[in-house]
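First the structure, in the form of structure tokens, and then the observations on it.
Values below: all heavy atoms of this structure, side chains included; hydrogens, waters and symmetry mates excluded. Model, not experiment: these values are computed from the prediction. Within every chain, numbering begins at 1; the chains are lettered A, B, ... in the order of the sequence lines, protein sequences first and strands thereafter.
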2 protein chains.
Amino acid sequence: MKGIKKRSDCPISGTLDVFGDKWSFLIIRDLLFRKECTYGDFLKSAEGIATNILASRLVTLEENKIIEKLEHPTSKAKVLYKLTKKGIDLLPILIEIHLWFDKYGTTPEEIREMLELVRKDKAGFIENFTKNLES
Amino acid sequence: MKGIKKRSDCPISGTLDVFGDKWSFLIIRDLLFRKECTYGDFLKSAEGIATNILASRLVTLEENKIIEKLEHPTSKAKVLYKLTKKGIDLLPILIEIHLWFDKYGTTPEEIREMLELVRKDKAGFIENFTKNLES
DNA sequence: TAAATTTGCTTGCATTTTGCAAGTACAAAT
DNA sequence: ATTTGTACTTGCAAAATGCAAGCAAATTTA
């Protein structure tokens with residue numbers, strides 16, 4: 001599965017060329033909330049991604065420098081995935097999706113607590129969250 | 001194409017259940033930038049959506065109250081599509097996608113001009129843009 | 001006013017992507 | 001030494017996508 005074909009110069013189109021499917025952004029969500037995930041961690045997520053799809057999405061995200069692979073500190077059998085800076089910088093998009101959803105849908109309580117912080121000081125929230133992920 | 005199956009309670013997942021494909025958000029982009037579009041207008045967009053896909057996406061977006069149909073003021077042969085408030089409120093997501101893309105990709109000049117306004121006063125930009133679309 | 005064109009779709013079919021179930025190779029635990 | 005865990009790959013069926021053609025109603029043109 002090689003280079004993605006660009007449909008136009010439009011930034012929205014270009015972004016969808018990479019993330020425009022039902023799974024990629026869930027992988028990013030997992031990594032934003034959990035910082036580092038193994039292959040098995042992704043498989044355990046509530047939505048139930050198929051293993052072949054997961055593998056192909058991880059490749060695409062890595063090709064596009066959104067995520068990177070790391071050695072697991074204690075086990076050679078495991079692989080750690082984490083976001084690059086480019087990936088971490090998707091946080092504001094994720095936040096706006098959450099805010100929009102909260103306005104028109106039903107947000108789980110735990111997340112709604114996070115959104116209160118966001119509403120109090122969005123820039124500060126993003127800065128802190130980002131710092132934590134970068135470290 | 002009937003009701004969409006919800007994969008989990010996660011807001012990201014729920015949003016992707018509706019928009020998680022390569023085309024839906026381009027339709028919304030068109031409507032944000034052009035305010036009202038006919039079926040033919042969407043077909044003319046640079047990315048070249050297939051007519052059957054367009055028709056099915058318009059149905060889904062309408063079912064989900066993101067867009068609505070309007071009578072064309074001068075022609076019964078034409079149909080006007082426009083965003084609902086719920087659809088207009090996707091603007092902040094679109095903006096963050098643009099800002100992210102601009103950081104890591106190449107944004108067309110015309111759009112970059114818009115982004116300067118956004119960076120000067122994001123809240124004001126959104127307010128004005130929204131007001132214009134609502135009227 | 002009859003014929004041609006425009007408009008918003010639908011239909012049929014080939015290609016591509018997805019999803020499910022198994023299988024594999026290597027690491028690690030028992 | 002054997003079983004289990006982990007990260008995948010493979011094969012195949014089902015679903016989604018893409019392309020081309022078709023169609024009915026509205027509109028324009030002759």
Side-chain angles (χ1 to χ4, degrees), chain A residues 1-8 12-13 16-27 30-31 34 36-64 67-82, chain B residues 1-8 13 16-28 30-31 34 36-64 67-82:
Chain A
M1 216 159 274
K2 278 296 308 303
I4 282 161
K5 48 198 150 186
K6 197 174 161 187
R7 292 174 293 174
S8 79
I12 300 299
S13 169
L16 290 172
D17 287 340
V18 179
F19 303 110
D21 70 276
K22 293 214 184 299
W23 296 109
S24 296
F25 216 72
L26 294 181
I27 292 172
D30 285 349
L31 287 171
R34 307 181 52 163
E36 290 173 336
C37 293
T38 63
Y39 192 88
D41 288 335
F42 292 120
L43 287 178
K44 274 176 235 147
S45 287
E47 294 82 11
I49 190 171
T51 174
N52 56 338
I53 307 294
L54 174 59
S56 103
R57 290 304 173 280
L58 289 172
V59 168
T60 302
L61 290 173
E62 203 189 353
E63 281 175 355
N64 286 277
I67 65 173
E68 58 188 342
K69 281 180 171 191
L70 250 66
E71 275 186 18
H72 188 99
T74 64
S75 165
K76 262 185 213 168
K78 294 184 185 178
V79 177
L80 276 185
Y81 290 92
K82 68 173 298 200
Chain B
M1 214 158 273
K2 278 294 306 307
I4 283 160
K5 49 196 148 189
K6 198 176 160 184
R7 290 172 295 173
S8 79
S13 168
L16 290 173
D17 288 340
V18 180
F19 303 111
D21 70 274
K22 293 213 184 301
W23 296 108
S24 296
F25 217 71
L26 293 181
I27 292 172
I28 291 164
D30 285 349
L31 287 171
R34 308 181 51 163
E36 290 173 337
C37 293
T38 63
Y39 191 88
D41 288 336
F42 292 120
L43 288 179
K44 273 176 237 148
S45 286
E47 294 82 11
I49 189 170
T51 173
N52 56 338
I53 307 293
L54 174 58
S56 100
R57 290 304 173 280
L58 289 172
V59 168
T60 303
L61 289 173
E62 203 188 353
E63 282 174 356
N64 286 276
I67 64 172
E68 60 187 342
K69 281 179 172 192
L70 251 65
E71 276 186 17
H72 189 98
T74 65
S75 166
K76 264 183 212 166
K78 294 183 183 177
V79 178
L80 277 183
Y81 290 92
K82 68 173 297 198

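- Looking at A/Thr60, its side chain does come within 3.5 Å of a backbone N or O of A/Ser56 through a donor-acceptor pair.
- Within the 3.5 Å criterion, the main-chain N or O of A/Glu47 finds no donor-acceptor partner in the side chain of A/Ser45.
- Nearer to the 5' terminus of DNA chain C, by closest-nucleotide assignment, is the contact made by A/Ile49 (compared with the other of A/Ile49 and A/Lys78).
- Looking only at distances, a side-chain donor or acceptor of A/Lys22 sits under 3.5 Å from a matching main-chain atom of B/Leu16.
- In this structure, the CG atom of B/Leu80 is 13 Å from the P atom of C/dT7, given to the nearest Å.
- Remark: A/Lys44 is not in phosphate contact with D/dT6, judged by side-chain N or O atoms under 4.0 Å from OP1 or OP2.
- Between A/Tyr39 and D/dT9, a side-chain N or O to OP1/OP2 separation shorter than 4.0 Å is absent.
- Going from atom CD of B/Glu36 over to atom C1' of C/dT7 covers 17 Å, rounded to whole Å.
- If you measure from atom NE2 of A/His72 to atom C1' of C/dA28, you get 12 Å, rounded to the nearest angstrom.
- Along DNA chain C, the nucleotide nearest B/Ala55 and the nucleotide nearest A/Thr51 are compared for position; the residue whose nucleotide lies closer to the 5' end is B/Ala55.
- Computed from coordinates, the A/Glu62 CD to D/dC8 P distance equals 9 Å when rounded to whole Å.
- Spacing between atom CG of A/Asn52 and atom C1' of D/dA7 amounts to 13 Å, rounded to whole angstrom units.
- In this model, the phosphate group of D/dT6 is not approached by any side-chain N or O of A/Tyr81 to a distance below 4.0 Å at OP1 or OP2.
- Atom C1' of nucleotide D/dC8 and atom CZ of A/Phe42 are separated by 14 Å, given to the nearest angstrom.
- Here A/Lys5 does not reach the OP1 or OP2 of D/dG18: none of its side-chain N or O atoms lies under 4.0 Å away.
- Picking from D/dA7, C/dC9, C/dT7 the nucleotide with the shortest atom distance to the side chain of A/Val79 gives D/dA7.
- Ion pairing of B/Asp17 with B/Arg7 is present here, as a side-chain N (NZ or NE/NH1/NH2) and a carboxylate O approach within less than 4.0 Å.
- A/Asp41 and A/Arg34 are joined by a salt bridge, as a carboxylate oxygen and a charged side-chain nitrogen come within less than 4.0 angstrom of each other.
- Note: CD1 (A/Ile27) to P (D/dA7) measures 14 Å, nearest angstrom.
- Considering only side-chain atoms of A/Arg57, the nucleotide from C/dA27, C/dT18, D/dT17 that sits closest is C/dT18.
- Rounding to whole angstrom units, CG of residue B/Leu61 and C1' of C/dC9 are separated by 16 Å.
- A sub-4.0 Å separation between OP1 or OP2 of D/dG18 and a side-chain N or O of B/Trp23 is present.
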